[in-house]
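We count ligands from 1, going down the list as the structure has it; atoms in each ligand are counted the same way. These numbers were taken from a predicted model, which means no experiment stands behind them.
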Amino acid sequence: MSEPRTALDGRRDLEQAIAVLAERLPGPLIPLARVAYNYRWSWMEGAAAVFREIDPVQWQRSCGNPRLVIESAPPARLRQLSGKVEFVRRVERCAARLEADLGRPHTDDRLSPERPIAYFCSEFGIHSSLPLYGGGLGILAGDILKAASDLALPFAGVGLLYRYGYFRQRLDQAGWQHEYWTPTDIERLPAALVTGANGEPLTVRLEIRGRPVTIQAWRLDVGRVPLYLLDTDRADNDPRDRWISARLYVGDRETRLCQYAVLGIGGARMLREMRVEPVLVHLNEGHAALSGLERLRQHGSGREDDLARALDALRARTVFTTHTPVPAGNEAYTVEEMESVLSRFFDELGMPRTRLFDLGRVASEEDEPLNLTALALRLSGVANAVSRRHGQVARAMWAPLFPGLATDRVPITHVTNGVHGLTWMAAEMQALLDRHLGPRWRERVDDPAVWDGVEAIPAAELWAVRSELRKLLVERAREQSVRDRLARGESPDYVVAAANVFDPSVLTIGFARRVATYKRLYLLARRPEQGLLRLLADDRPPIQVIIAGKAHPQDNVAKETLRDAFQHKREALVARRVIFLEDYDMQIAPCLVAGVDLWLNLPRPPMEASGTSGMKVALNGGLNLSVLDGWWAEAFDGNNGWAIESIDADPYTQDDHDAGRLFALLENEVIPLFYDRDASGLPLGWIRRIKASMRSLIPRFSAERMLHEYLSTLYAPGLRAAPRV
Ligand SMILES: *Cc1c(COP(=O)(O)O)cnc(C)c1O
């Protein structure tokens, strides 16, 4: 076989790794090695069950890492499985599905694996076994890679390999959050270090803080889409530089800037080293904005006379998405900070410094810091926010960058976020849809006509699935809260109480997000005697509440919110009917979004850019009760959930109003509807609402719809300019 032209993009390295893993497998199971080395398994019917069957305990412990499960399985166990005809047939079916998926032709002939759309993001939430995400931004990025794979669109993700990922959460008995970090053992994950022609790791260099830093890259495959993860943890780097890619969202600003340099500049250099030439670069949030400067440098166009033309050419191939109006998500660095990290790179750019720094300034004032979002907006030709409402907010926020333009003419459009259905819909719900929507619904998730079919699902069958998903969540919640309480060193009776919390037939309400102040977790505890405590009282129809979420390590206000919520834990009603699940992540989230009947979202408008958890809930037949902000402002139609219309007022009055509406809706509408049963025990009104929710929300808020919209609005201009290959 001749060497493929792009032998340096890590494909060969993954092939070698697959061959090594295959050596551990008895003949009939060899096809499993390839399945294990592609995260496509994580949204393939039946694949997780195959790996779990090898060793359920190890599967659980590794958060679902198929490579590790195979590597640690005793040879006798593998031999035994290879003798089971039915198991071998399932393995073959998975392998065939993967091969068929990878073998489909690309959908766009201006793109190819060597000329893809490169998608830069500081975090990627692909799967629970790969903790390289903090929250919504990363999970959205993971979902978009999966959708690109499903649509056979040549795409490549570029991110950072965090050896210690995002922090893990532990609360103490007083409810104060403590953080700890666990190592991500990339050597045991289905990933391969990209090597060059000489077999040594492929590297690029970048001078950061006055020292040369060597950067290497790992490749892992998400279906048809490669994800490249940059890594500075090499023996030849200074210990301080090895730390750059250690943790996601480290507290130290300077280290974060170094990360953004590695991601943006290092990422653009690495693609070039791998001979991957993106037709378009999509900057998902401002963290990777520096890649634009590196691409200018690569084209040798820092000279003043040439700069305007070079910038135009760059913009024509750059797309930018802004994800939040919250200041922490729109970081700015002073000239001194920038110079101390990147002065050598700025020298190499050859661009006059004022010209350079003005690209990141709103008002071109000399002492003004450089804002990464402003830089990304200036280096991209098209930009978007992530919901209709957020579009309005972002245009007003960034209007000063476009003097002379009326706010509604500011060139920031919107593409509302969506979620990857096959990742977030429980297997039980998928099986129900298989019976009623016909076999091909998976390929047409964004087609509203498919979802009209939901009307015809018999109420009893839909309710049986809902009840099953709730039961699974209750079991999981019990199990985990026993563990959480033991780990906190709580008293034995309080631990025992956890084993009995929750009832699988009770209306189950979920609230889980990052605990940022604007998300207003504290509304749940507002005026408890008139609010939540009253609704929890024994003489009322029962409800139970699951809360989860991490506060940013530096965000003491958010941590206080958590602690304050904890103050109520000893009240008997609360102990039995409210639990906090620690360490919210992709391990718990699927079960939580599938099992809850009602999802609460209470942001202070207009701070919610989009929000996606409620979309995941809708996929599973749960309902939303949310403030009209972010995605819900365009999704709510009066029948598909409930909405809180907030008021324009000072925060205190607004909180009071919104909490009042929340508890009134729960008391007067939500709870009665859930318990209004017919003779056979079915809540027919509730089920009607579920159907309205699934029909109206699933196709519109799918990752497929989102990616199609990116293609037709944001990517189209750049693609039009690209030659066909
Ligand atoms: C979906 C998800 C998020 C993002 O939730 P939002 O509603 O967009 O804030 C965060 N963390 C996990 C684990 C998720 O699954």
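Protein residues lining ligand 1, listed by chain and number: G135, G136, I139, W424, R513, K519, Y584, D585, M586, A589, G611, T612, S613, K616 [non-hydrogen atoms, distance under 4.0 Å].
Annotation: salt bridge (charged side-chain N to carboxylate O under 4.0 Å, His left out) contacts involving residues 605-626, sequence neighbours excluded, comprise R513-E608. Within the structure, salt bridge (charged side-chain N to carboxylate O under 4.0 Å, His left out) contacts touching residues 128-141 (residues at least two apart or in different chains) do not occur.
Annotation: side chain of R526 is in contact with side chain of D655 (closest heavy-atom distance under 4.5 Å).
How far CZ of F511 is from CG of L592: 11.5 Å, rounded to the nearest 0.5 Å.
A donor atom on one side chain and an acceptor atom on the other are not found under 3.5 Å apart for H390 and D629.
Among residues two or more places apart in sequence or in another chain, the salt bridge (Lys or Arg N to Asp or Glu O under 4.0 Å) test is passed with R483 by none.
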